[in-house]
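Working notes, structure below.
As the structure is a prediction and not an experimental result, all values here were calculated from the model. Letters go in sequence order (proteins before strands), and every chain restarts at 1.
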2 protein chains.
Amino acid sequence: MDEFMQAAIEEAEQGLAEGGVPIGSVLVFEGKIIGRGHNQRQQQNSAILHGEMSALENASRQTARVYRNSVIYTTLSPCPMCSGAIRLYQIPRVVIGENQTFLGDEALLKSSGIELEVLQNERCIQLMQDFIAANPEIWNEDIGE
Amino acid sequence: MDEFMQAAIEEAEQGLAEGGVPIGSVLVFEGKIIGRGHNQRQQQNSAILHGEMSALENASRQTARVYRNSVIYTTLSPCPMCSGAIRLYQIPRVVIGENQTFLGDEALLKSSGIELEVLQNERCIQLMQDFIAANPEIWNEDIGE
């Protein structure tokens, strides 16, 4: 598997080990990971630190040139908030682990000219299926339901 | 002036006093502020803590029922990221200090059924005009330009 999706999955697994929502993400610029993170709803009682938001935050401040030449990898289809962050910074390409357990704002991303690749990765799907089955209330909270 | 927009302006002014981007926000549920904050780009080197995101984060975890019965006040028109967060949590009403210095994702919010009120408040406009004139590079970074 692509090393960057592998890194995103490792983030998701770390989140799971911490008792959190198992979604991970990495931001890649010029072939290097410049930010990585995972959902922090449980760990930090955070309403905004989804996987992608954590990766962006951990990348610290970057110039527009960096974002516009980066790829963001995420284990799950990006929700409206994370898709909004991707649109704000005009990250041109998103690699998505799966969109079977949750379909985010992919249509909006595409209509904004952002390139999407969906892998339907089995490990990403299993992580979410297991978590949602065991923790439906936390999952609903995470997606505003 | 509405006490909640006044609180958002106080947040913006606190951000300015800290050397930061002067944008503030409050989240109001059942007539009470449950989260308030201001942009933290300079203060925390944050790429994601815009005013609205700070208010949401400082409100901690809330149920869907709370968000769907809340109003968010922000001194400036919400960017794509903050608009995405508002859409994720289905906050039904946004009161905006001004949209003259920056027009965010208002069309998308409206098309999502979210009610907007734009005040064109003079203090909000002045705060942004002065900051952008003095710090164009920080401002451009904040909006991904």
Heavy-atom proximity to chain B below 4.5 Å, by part of [X]:
X	result
Glu141(A)	both
Gln62(A)	backbone
Gln40(A)	neither
Ser60(A)	both

Tell me yes or no: between the side chains of Gln44(B) and Arg61(A), is some donor less than 3.5 Å from an acceptor?
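Their side chains do not contain a donor-acceptor pair, so the 3.5 Å distance test is not met.
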
Between Ile143(B), Asn140(B), Leu88(B), Leu56(B), the one whose heavy-atom pairs under 4.5 Å with chain A are most numerous
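Among Ile143(B), Asn140(B), Leu88(B), Leu56(B), the one with the most close pairs to chain A is Leu88(B).
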
Interatomic distance, [X] atom [atom1] to [Y] atom [atom2] [nearest 0.5 angstrom]:
X	Y	atom1	atom2	answer
Ser70(B)	Gln90(B)	OG	CD	12.5 Å
Met53(B)	Thr74(B)	CE	OG1	12.0 Å
Glu137(A)	Asn135(A)	CD	CG	9.0 Å

Given side chain to side chain donor-acceptor pair (under 3.5 Å), test Gln14(B) with Glu10(B) step by step and report yes or no.
CA-CA 6 Å; Gln14(B) 188 180 332; Glu10(B) 286 165 11; over 6 Å; no

Proximal component of [X], with respect to chain A [non-hydrogen, under 4.5 Å]:
X	answer
Thr63(B)	neither
Glu52(B)	neither
Glu145(B)	both
Arg65(B)	neither

Between His38(B) and Glu13(B), does the side chain to side chain donor-acceptor pair (under 3.5 Å) criterion hold? Intermediate values first, please.
CA-CA 9 Å; His38(B) 51 272; Glu13(B) 289 176 335; over 6 Å; no

Closest heavy-atom pair and its distance - Val26(B), Phe4(B):
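Minimum heavy-atom contact is CG2-O, 3.5 Å.
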
Could you walk me through whether Val71(A) and Val94(A) pass side-chain contact (heavy atoms from CB on, under 4.5 Å), step by step?
CA-CA 6 Å; Val71(A) 180; Val94(A) 186; over 6 Å; no

Quick one: are His50(B) and Leu76(B) in side-chain contact, heavy atoms under 4.5 Å?
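Sidechains of Leu76(B) and His50(B): no contact.
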
Between Asn58(B) (side chain) and Arg36(B) (backbone), is there a donor-acceptor pair under 3.5 Å?
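Answer holds: yes.
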
Determine which residues belonging to residues 97-130 of chain B lie within contact range of chain A, meaning some heavy atom pair is under 4.5 Å apart, and list them by number or answer 'none'.
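Hits under 4.5 Å: Asp105(B), Leu108(B).
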
